[in-house]
Amino acid sequence: MSMIRNTLTAFALAGAVGLTPAIAAAQNMRIGLITPPNHVWSQAAVAMGEELNEATGGRITLQAFPGGQLGNEAQMLQMLQTGALDMAFMTVAEISNRVPEFGAFFAPFLADDISHAARIIRSDVATELLDLLPEEAGVMGLGFGSAGMRQMVSRVAVSTAADLNGLKIRITPVDAFRDFYNALGTAPTPMPLPAVYDALANAQVDAIDMDAELIWAMRYFEQAPTVLETNHALFPMVGLVSGRVWAGLDGDDQTLIRETMQRHLDATIDTYIEKDPEWMAQVEAEESVNYSRIGPDFFADAIAEWEATWAERAPVLSALRAVADETR
Ligand code: BEZ
């Protein structure tokens, strides 16, 4: 209703001053995510939609589809490429399967902690990577968000790197994580987020690679009581718009969508700086949890092996490591 009213008002005003109005087209858009509805990313997507709606008097609407309702990330990326989906908040993991340069973000122990991770994600070197996306993936990357740092949760006790040997560990489907866990002598098992809870509950995997928010919210530790606070990798998210859809938007709408999305993406980075340590502290305080903190020394050989492969696959890695050193 409000969109019709606004359109009519625009016509009436233009008529009063004798102009032919240029009315921007209505946009009923959809954004897809694999995260559950109450997750930080899903809430950011809803808030972004509300803001776009309000800023345009209802001319732009954005409906969020969380929980993988539109498919997994690989499927959503395809939909973005054809224009069947307008937007997504997507793991950099999926993007790095298409554009290996993005795999540099997953360098083991690139960041010391969540605040350091934020400085790396917000760096110019990171931002410039987004320029690769239109050509190499058919999507516009408008900015980065975050999902905190990666940790491990295991059904079996782990006190040395040797204890990880042969364990079937769920990973986000991404080559960079697969290579790290292979180097550790585990059996990495790629699995999209929505499948993880049941797989752990049914003992299809021995352990999972996961972030603090979901370890706490999904209470994976009730199935797998050993929690290793490793902070072994960053986990950036990228805000995408279909290249085809983007090309059909007028310049003002592009600016509005870019600025609004960037603000909401960036806010997720601040949320994880504040909340990651709180979530991990809550997990540690659980009586059933066997909690330990593990640093890079534990993984030393695997880190060197990973680096040898990825220095070649993602040449931006050296620049990203330089950013990490400068921002320590
Ligand atoms: C995961 O694959 O572990 C994941 C995906 C999206 C957000 C957070 C975690």
Side-chain angles (χ1 to χ4, degrees), residues 31-46 64-77 87-98 102-103 105-106 108 114 117-118 121 141 143-154 168-181 186 188-201 204-221 223-224 227-240 264-265 267-269 271-273 275-276 279-280 283:
I31 181 164
L33 313 97
I34 56 161
T35 47
N38 54 357
H39 187 270
V40 169
W41 297 6
S42 307
Q43 289 174 1
V46 170
F65 291 86
Q69 287 174 62
L70 302 180
N72 61 33
E73 289 196 327
Q75 290 164 330
M76 282 196 277
L77 189 53
M87 299 182 193
F89 284 172
M90 190 169 281
T91 63
V92 161
E94 181 58 38
I95 286 295
S96 76
N97 288 332
R98 304 293 178 106
F102 282 75
F105 282 111
F106 301 117
I114 186 74
I121 293 170
F144 287 111
S146 169
M149 305 283 286
R150 303 307 290 185
Q151 322 294 347
M152 298 179 196
V153 181
S154 170
K168 214 168 162 196
I169 300 193
R170 174 271 165 177
I171 58 164
T172 304
V174 56
D175 292 353
F177 280 1
R178 182 206 56 202
D179 290 352
F180 177 61
Y181 281 99
T186 70
T189 308
M191 190 179 288
L193 179 63
V196 175
Y197 189 87
D198 286 349
L200 195 61
Q204 287 163 26
V205 289
D206 303 307
I208 60 172
D209 178 297
M210 190 49 68
D211 64 84
E213 178 182 14
L214 288 163
I215 294 172
W216 175 243
M218 301 299 291
R219 302 185 72 78
Y220 296 117
F221 49 82
Q223 317 292 336
V227 177
L228 308 178
E229 182 185 318
T230 55
N231 290 316
H232 61 275
L234 280 66
F235 204 68
M237 173 261 271
V238 60
L240 302 175
H264 286 277
L265 291 170
T268 66
I269 298 177
T271 300
Y272 287 100
I273 291 175
K275 302 291 285 184
D276 244 41
W279 285 316
M280 289 311 276
V283 172

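Since we're looking at a predicted model, the values are computed, not measured. We number each residue from 1, following the sequence as shown. Values reported hereafter were calculated over all heavy atoms of this structure, with side chains retained and with hydrogens, waters and symmetry mates removed. Counting starts at 1 for both ligands and their atoms, in listed order.
Applying the ring pair (Phe, Tyr, Trp, His ring centres under 6.0 Å) rule to F105 yields the partners F144; only residues at least two apart in sequence or on another chain are considered.
Separating the CG atom in L193 from the CD1 atom in I34 is a distance of 5.0 Å, to the nearest 0.5 Å.
When ring centroids are compared, F89 and H264 stay outside the 6.0 Å threshold.
What you find for P173 and N97 is that their closest heavy atoms are O-ND2, 2.8 Å.
Near ligand 1, I34, T35, W41, T91, R150, R170, T172, L193, M210, D211, L214, F235 each place a heavy atom less than 4.0 angstrom from the ligand.
The closest side-chain donor-acceptor pair between D211 and Q151, if any, does not fall under 3.5 angstrom.
Here the side chains of V153 and V283 are not in contact, with every heavy-atom distance at 4.5 Å or above.
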